[in-house]
Engineer: 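This is the structure I have questions about; it appears just below.
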Amino acid sequence: MMLANDQDEEGLGSTAYNAEAGRVDVRFADSISLKTTALVIAASDKAGMKGAPRDRINEIIARESKGSLFMQRAHHLAEKDGEKIQSLLQRLNEKDDQSDNWRVSMCEDTIDPQLERYRSQRKKVSTRVVVDLDSFFISCHILDNPELDESPCCVGGPKMISTSNYKARRYGVRAAMPGFIGQVLVKELSGGSECLTFVKSDFKLYHSKSAEVKAILQEYDKTLKMCSLDEAYMDIESYLDAYFSITEGDRDHAAITKRMSNSDDDRPPLQEMASILEIKEVTKNLLHSIRKRVHRETGLTCSAGTASNFMIAKIASDMNKPNGQVFVGPSEEEIRTFLSPLSVRKVCGVGRILEKFLRATLGVVTVADLYAKRAEVNFLFKPATAQFLLRVSIGYSEDSRRESEGGERGDDESAQRKGMSGERTFQPTDTWSDLCVKLESIATRLAKDIQSKGLKPRTIGLKVKLANFNLLTRTNTRQVALFQQAGDGSTQTLVDIAVKLLRDVKRAFVEEHKDKAGFMVRLLGVRCSNFRLERETQPSILQFQKNACDVQLDQLEPGHPLETSAGLSST
DNA sequence: TACATACAC
DNA sequence: CATGGTGTATGTA
C-alpha cells in the first residue's frame, strides 16, 4: 500500500496502476475457449488497450485469420500442447497415488530452504531501474511528423506491424499483428471513419534516437545496459551514494556526477546514509527528473520501474505505461504485495506457452498461485524452468551485475556474441534455382557482417520455413573456423555449405513425405555460430590445409565448380 | 553436436 | 493481396 506510484502531470493518465485497488491481470484467463485455442489473443493486457472492446476485437481477428495456413498450424500446435498437458497431469496423478505428503516434504526439505537463501541474498535497497521508451518506433516518426499521431498509425506494413500508437491500440492494433488485420480492426471499429496509417520502418532513425537517450541515461549510470533500442537496464546506486554523500544544499546533478566520477572511496552503504523512506522519495524524484529530461531533450516519453532487482523493475516499468513510473520497495512485504496479484505472464521469461501450461496443469494464474503450488511446479517442470519459476514466485532474480565480462580491455562493443544470422521471408516457392539464388544472397550478406565484425564461426546453420509454417533446421560444424583471413574464400564456402544443407533438408523432406507434398518454402535463413575465441591458438598451417581440403571434398560433388551454380543445377 | 522449442523485442 | 527478423537459452537425443 505504500507503493510510490505516480504519473506525470502531462501523462495520459486515465488508468494508472493502482496498488490499493489490487487490480489483477487475469482478464483473459477464462476467455480462451478451448476451440479457438487462442494463439493470437491480441486484445487485452498490453498497455494502451484499456478501453478497447475486447470481444469485438477478438471476433474480428478470429474471422480475418480463419482458415489461413498460419492459423491451421497454430491449431495443430495447440493440439500437441494439449497432449503434453495431459501427460503432465498424469504424472502428477501418479505422484499423488504414490505418496500423499510429498508436497510438504518437498517444500520443507528443498524448496523453502532454497527460497529462504534467495530472500537472504536480496538487495536491501531499490536501485535497479528499467527505462522503457513508449511505443518507441512509431514515436520516433511522430516526432518528425506530429499529425501522424492524430489518427491510428503504426510502423510496418500489410504483412506485419511492429509498433502502433495509442490511438491504434485502442482498436486492438498492436505489435506482431499482421497489418491487414489491423486495418480491418480500425475501419470496422471506427465505423469507417478512421483508417490505419502505415509508416515504413527506419532503423537509422531508431538507432540515433536510442543513442541520444542512452547518452542521457549514462549520466546516471555509466555501466547501464541497453537491452534493445528502447530498453535500458541501469543501477542508480552509485548516483544515490554520491547524492547522499554531498551536503544538502549542494546537491545538483553536476555536483553529483562529478562526485560519482571522482571517487571510488569507501562511503558507507546507502542504507546507512539515509532512511529507506528518504531513499524512496529521492529515487522517485530522480526518476521523475530523468524522464522529464529525456522528454525535453529527445521529445520521447518513457516509462520506468524501480525495484531491488531487474525482474521486478521490468514489470514495474510496464505498470504505468505510457509516460509513468512505479517504485517497488525492497522489503519482503512490498515485493509480495506488488507481485502476488499479477498474472505470471507479466514476468519476463514467462511466455504464452508456459502460461498456458501453468494454468492448464495447476490452475496457476497469478504469482501468488505460483507460490502456493511451488511443490507441484518443482515436480512438473524441467530443472531450469522449475528453478526459474520458484525464483519468480518470490520475485527474486540475481542480476549479477558485472556480467559484461566482454574483454578485459576497454568496453569491447562486441560483448561475447553467440551467433549471427540473416533470414528472409518471400512468396512461397518450390523452384530450386530460385531458392538457391535467395539463399546465396542471404549468405553473402551475412558473410559481410561476419567479416566486418571479425568473427570466425565454426558452425553454419540453415533454417527453412515451409509454406505451412513448419520449421526445419540443419547445421554443420567444422574443424576449422571460417573467415580466419581475408580473401580465403570463406564467403563462397559459406554459400556452398548453405546450399548443401538446403539440399539435405529437401532430400529428407521428400523422403519423409513420399507423397508429393511439395517442398514449398516461404523463408530461408543462415546462421553462423560457435565462434572461435579471440585468444585461441591458431591451427598449424599443415592442419589448416588438411582441413581446408576436407571441406571441399566433403561439401561438393565431384566435377562441380566451386560456385553456387553447382547448387543451381542439382536436384 | 544436431535439432526443436520457447522467449523477448 | 494474407502472420517478421535477430538473438539467447534449454531440453533431448
Side-chain angles (χ1 to χ4, degrees), chain A residues 39-40 42 46 61 63-74 77 80-81 84 130 132-133 135-137 154-163 174-184 201 203 206 210 226-233 310 314 317-318 345-357 381-388 403 414-428 442 445-446 449 458-465 467-479 501 504-505 508 522-531:
Chain A
L39 277 201
V40 199
K46 228 40 184 177
I61 293 172
R63 189 184 74 221
E64 295 300 316
S65 316
K66 194 163 197 169
S68 67
L69 289 171
F70 181 86
M71 283 308 290
Q72 284 179 35
R73 175 161 197 268
L77 293 181
K80 292 210 306 192
D81 289 344
K84 231 168 174 177
V130 173
D132 192 315
L133 274 352
S135 21
F136 179 53
F137 288 2
C154 65
V155 171
K159 298 189 146 174
M160 185 56 61
I161 291 169
S162 57
T163 324
R174 58 181 296 180
M177 171 183 283
F180 75 93
I181 292 181
Q183 186 62 272
V184 174
S201 64
F203 279 84
Y206 311 146
S210 180
M226 294 296 289
C227 283
S228 64
L229 287 172
D230 71 342
E231 259 193 341
Y233 280 55
F310 286 124
K314 166 75 170 146
S317 74
D318 201 54
R345 188 65 167 83
K346 286 289 181 190
V347 179
C348 188
V350 178
R352 194 177 48 78
I353 301 294
L354 191 49
E355 178 195 34
K356 180 174 172 179
F357 279 25
F381 293 91
K382 302 301 178 190
T385 309
Q387 277 302 109
F388 168 66
E403 84 227 67
S414 65
Q416 288 292 69
R417 166 193 290 277
K418 301 275 179 39
M420 181 175 283
S421 63
E423 63 188 55
R424 221 185 70 197
T425 296
F426 42 81
Q427 206 60 9
I442 293 165
R445 183 150 28 99
L446 177 61
D449 295 346
R458 285 187 49 223
T459 300
I460 312 303
L462 173 77
K463 173 164 146 186
V464 177
K465 195 192 290 183
N468 62 6
F469 291 90
N470 277 344
L471 274 172
L472 303 168
T473 60
R474 273 289 189 286
T475 56
N476 171 292
T477 126
R478 52 211 14 274
Q479 210 63 47
L501 290 171
D504 290 348
V505 169
R522 76 173 349 257
L523 170 147
L524 287 174
V526 179
R527 175 175 175 79
C528 290
S529 57
N530 203 351
F531 299 118

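Convention: sequence-line order gives letters A, B, ...; per-chain numbering from 1.
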Engineer: Please tell me if A:Arg417 has a side-chain N or O lying less than 4.0 Å from either OP1 or OP2 of C:dT6.
Structural biologist: no

Engineer: Just so I know, are the side chains of A:Asp230 and A:Tyr206 near enough to count as touching, which here means a heavy-atom distance under 4.5 Å?
Structural biologist: no

Engineer: Below 4.0 angstrom from OP1 or OP2 of C:dC1, is there any side-chain N or O of A:Lys159?
Structural biologist: no

Engineer: List for me each residue that meets ring-ring contact (aromatic ring centres under 6.0 Å, His included) alongside A:Phe469, sequence neighbours excluded, and say none if there are none.
Structural biologist: A:Phe70

Engineer: Report the residue (A:Ser162 or A:Met420) whose heavy-atom-nearest nucleotide on DNA chain C is the more 5′ of the two.
Structural biologist: A:Ser162

Engineer: Could you tell me how far B:dA8 sits from C:dT3 if I compare only their P atoms? Round to whole Å.
Structural biologist: 23 Å

Engineer: Could you tell me how far apart A:Met160 (CE) and C:dG4 (C1') are, to the nearest whole angstrom?
Structural biologist: 5 Å

Engineer: Assign each of A:Gln427 and A:Leu523 to its nearest nucleotide of DNA chain C by heavy atoms, then name whichever residue's nucleotide is nearer the 5' end.
Structural biologist: A:Gln427

Engineer: Residues two or more places apart in sequence or in another chain: which of them pass side chain to side chain donor-acceptor pair (under 3.5 Å) with A:Arg63?
Structural biologist: A:Glu188

Engineer: Determine the contact category for A:Gly422: base if any of its heavy atoms lies under 4.0 Å from a base atom, sugar-phosphate if only primed atoms, P, OP1 or OP2 are that close, otherwise nothing.
Structural biologist: sugar-phosphate

Engineer: Is any side-chain N or O of A:Thr475 under 3.5 Å from a base N or O of B:dT1, one able to act as donor and the other as acceptor?
Structural biologist: no

Engineer: Describe the nucleic acid contact of A:Ser228 in one word from base, sugar-phosphate, nothing, applying a heavy-atom distance below 4.0 Å.
Structural biologist: sugar-phosphate

Engineer: When we call it a touch if two heavy atoms are under 4.0 Å apart, what does A:Arg424 touch: a base, just sugar-phosphate, or nothing?
Structural biologist: sugar-phosphate

Engineer: Closer than 3.5 angstrom, by distance alone: can the side chain of A:Arg478 be matched with the main-chain N or O of A:Arg458 as a donor-acceptor pair?
Structural biologist: no

Engineer: What nucleic acid atoms does A:Glu64 come within less than 4.0 Å of, heavy atoms only: base, sugar-phosphate, or nothing?
Structural biologist: nothing

